[in-house]
Number of protein chains: 2
Amino acid sequence: MNHNLQEHLPECEAHEEHAELIEKGRAHLPELTELYDLSDFFKVFGDSTRLGILFAIDGTPMCVCDIAQTLGMTKSAVSHQLKVLRQNRLVKYSKVGKNVFYELSDDHVRDIIEKALEHIEEN
Amino acid sequence: MNHNLQEHLPECEAHEEHAELIEKGRAHLPELTELYDLSDFFKVFGDSTRLGILFAIDGTPMCVCDIAQTLGMTKSAVSHQLKVLRQNRLVKYSKVGKNVFYELSDDHVRDIIEKALEHIEEN
DNA sequence: ACAACAGTTGAACAACTGTTCAACTATAGG
DNA sequence: CCTATAGTTGAACAGTTGTTCAACTGTTGT
């Protein structure tokens with residue numbers, strides 16, 4: 001994933017009164033690596049296919065084929081996105097014969113989505 | 001923003017036992033438009049520059065120039081991202097002379113970020 | 001009125017992302 | 001052993017995204 005917060009020379013005048021503001025702002029900034037981890041995490045939720053998968057398997061473990069049918073997509077496309085969800089530990093899976101059943105890895109996922117829905121519905 | 005959950009013909013066999021699963025999965029799916037709104041919302045958080053801005057102005061309203069300096073970026077880049085944040089109502093602003101001060105629009109923003117941080121730190 | 005600075009904007013470009021396609025592995029059943 | 005189906009994977013392609021650059025608006029101070 002791409003990350004390019006560059007070390008750049010400031011181009012506007014740092015008036016003395018604002019120097020303090022900048023110091024304060026910097027104090028609120030987490031480590032850059034943490035910022036990257038966080039944005040990477042949100043990126044995973046920033047795709048309707050992946051969200052659709054998460055909603056579909058919420059409470060009901062499903063195999064790839066069925067998820068694909070539920071969303072009206074190809075197995076391949078779903079599998080690619082499941083890989084992303086797996087890598088970010090948002091889903092876990094278990095094999096049963098030819099099938100691979102996916103389910104939400106924990107309740108945190110639900111929490112985050114709900115918070116976001118709350119915000120959207122307020123506006 | 002791009003959205004292409006297509007209506008696609010299923011390509012795998014819908015064995016009878018799974019028909020029920022698919023029905024259940026579909027029941028969990030929100031309206032497509034809601035899915036799109038939700039993923040669009042998360043996309044906004046899925047960029048380290050925008051997150052950096054949100055952290056910087058958390059508790060301390062700042063002008064564009066100072067945000068740019070805090071993050072080590074150009075005013076232009078910051079302004080472009082502030083536009084996105086504005087359009088999604090995550091920040092509000094007030095003009096003071098030549099300066100435009102930006103601040104978080106409400107506490108919801110903080111909540112969502114905190115939830116995500118919790119999840120990340122658990123892994 | 002003019003110069004200087006804050007901020008915004010649109011076009012252009014490079015980098016990234018998601019879907020498709022084809023090829024592949026693996027398991028079940030005859 | 002052979003075939004059919006479930007699932008994964010890599011390459012390729014089109015669409016999207018973020019930064020840069022240059023040009024622009026608007027406000028302050030002289």
Side-chain angles (χ1 to χ4, degrees), chain A residues 1-15 17-18 21 36 39-40 42-53 62-69 71-88 91 93-102, chain B residues 1-15 17-18 21 36 39-40 42-53 62-69 71-88 91 93-102:
Chain A
M1 298 194 175
N2 82 324
H3 298 298
N4 32 3
L5 278 193
Q6 299 146 7
E7 290 304 324
H8 227 277
L9 277 188
E11 49 175 57
C12 68
E13 326 228 291
H15 1 120
E17 329 98 62
H18 288 192
L21 272 184
Y36 295 151
S39 60
D40 283 346
F42 280 120
K43 272 190 196 110
V44 180
F45 288 93
D47 176 75
S48 56
T49 297
R50 287 191 290 266
L51 280 183
I53 293 174
M62 292 178 82
C63 66
V64 178
C65 195
D66 291 344
I67 297 172
Q69 252 196 283
L71 301 180
M73 303 187 62
T74 64
K75 283 182 298 175
S76 179
V78 170
S79 183
H80 276 298
Q81 299 309 332
L82 280 169
K83 187 179 191 175
V84 177
L85 294 172
R86 240 159 41 218
Q87 287 168 335
N88 285 271
V91 299
Y93 63 96
S94 51
K95 302 193 179 187
V96 179
K98 278 189 293 185
N99 294 307
V100 181
F101 285 86
Y102 282 88
Chain B
M1 298 191 173
N2 82 323
H3 298 299
N4 31 5
L5 277 192
Q6 299 144 8
E7 289 304 324
H8 226 278
L9 278 188
E11 49 174 58
C12 66
E13 325 228 293
H15 0 122
E17 329 98 59
H18 288 192
L21 272 185
Y36 295 153
S39 59
D40 282 346
F42 280 120
K43 270 188 196 115
V44 180
F45 289 93
D47 176 75
S48 55
T49 297
R50 287 190 289 267
L51 280 184
I53 294 175
M62 292 177 81
C63 66
V64 179
C65 195
D66 291 344
I67 297 172
Q69 252 194 283
L71 301 180
M73 303 188 63
T74 64
K75 283 182 299 176
S76 178
V78 170
S79 183
H80 276 297
Q81 297 311 330
L82 280 169
K83 186 178 190 175
V84 177
L85 294 172
R86 238 159 42 218
Q87 287 169 336
N88 285 272
V91 299
Y93 63 97
S94 51
K95 301 193 180 187
V96 179
K98 279 188 295 186
N99 294 306
V100 180
F101 284 87
Y102 282 89

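First the proteins, then the strands, lettered A, B, ... as listed; each starts at 1.
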Side chain of [X] (C-beta onward), nearest among [options]:
X        : options               : value
A:Gln81  : D:dG7, D:dT19, C:dG18 : C:dG18
A:His80  : C:dC21, D:dT8, C:dG18 : C:dC21
B:Val100 : D:dG7, C:dT9, C:dG7   : C:dG7
B:Lys83  : D:dG7, C:dG10, D:dG10 : C:dG10
A:Ala77  : C:dT19, C:dG7, D:dT8  : C:dT19
B:Ser76  : D:dG7, C:dT8, C:dT9   : C:dT9

May I have the distance from [X] (atom [atom1]) to [N] (atom [atom2]), rounded to whole angstrom?
X       : N      : atom1 : atom2 : answer
A:Lys43 : D:dG18 : NZ    : C1'   : 11 Å
A:Leu51 : C:dG18 : CG    : C1'   : 14 Å
B:Met73 : D:dG18 : CE    : C1'   : 8 Å

Could you tell me whether the phosphate oxygens of D:dT20, OP1 or OP2, come under 4.0 Å of any side-chain nitrogen or oxygen in B:Thr74?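 Checking D:dT20 against B:Thr74, a side-chain N or O does come within under 4.0 Å of OP1 or OP2.
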
On the nucleotide C:dT8, are OP1 or OP2 found under 4.0 Å from the side-chain N or O atoms that B:Tyr102 carries? yes

Which parts of nucleotides 25-30 of chain D does protein reach within less than 4.0 Å, heavy atoms only, written one letter per nucleotide 5' to 3' as B for base, S for sugar-phosphate only and - for none? -BBS--

Let me confirm one number: the [atom1]-[atom2] distance from [X] to [Y], rounded to the nearest 0.5 Å.
X        : Y       : atom1 : atom2 : result
B:Tyr102 : B:Leu82 : OH    : CG    : 5.0 Å
B:Lys75  : B:Ile67 : NZ    : CD1   : 13.0 Å
A:Arg86  : A:Ser79 : CZ    : OG    : 6.5 Å
B:Thr49  : B:His80 : OG1   : NE2   : 12.0 Å

Does A:Phe101 CZ have over 12 foreign heavy atoms under 6.0 Å away?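 Yes, CZ of A:Phe101 has more than 12 neighbouring heavy atoms, counting only those of other groups under 6.0 Å.
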
Using five base pairs at each end, measure the axis-to-axis angle across the helix from C:dA1-D:dT30 to C:dG30-D:dC1 and round it to 10 degrees. 20°

Students often get this wrong, so: under 4.0 angstrom with heavy atoms, is B:Phe101 touching a base, only sugar-phosphate, or nothing?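 Nothing: the residue B:Phe101, judged by heavy atoms under 4.0 Å, touches no strand.
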
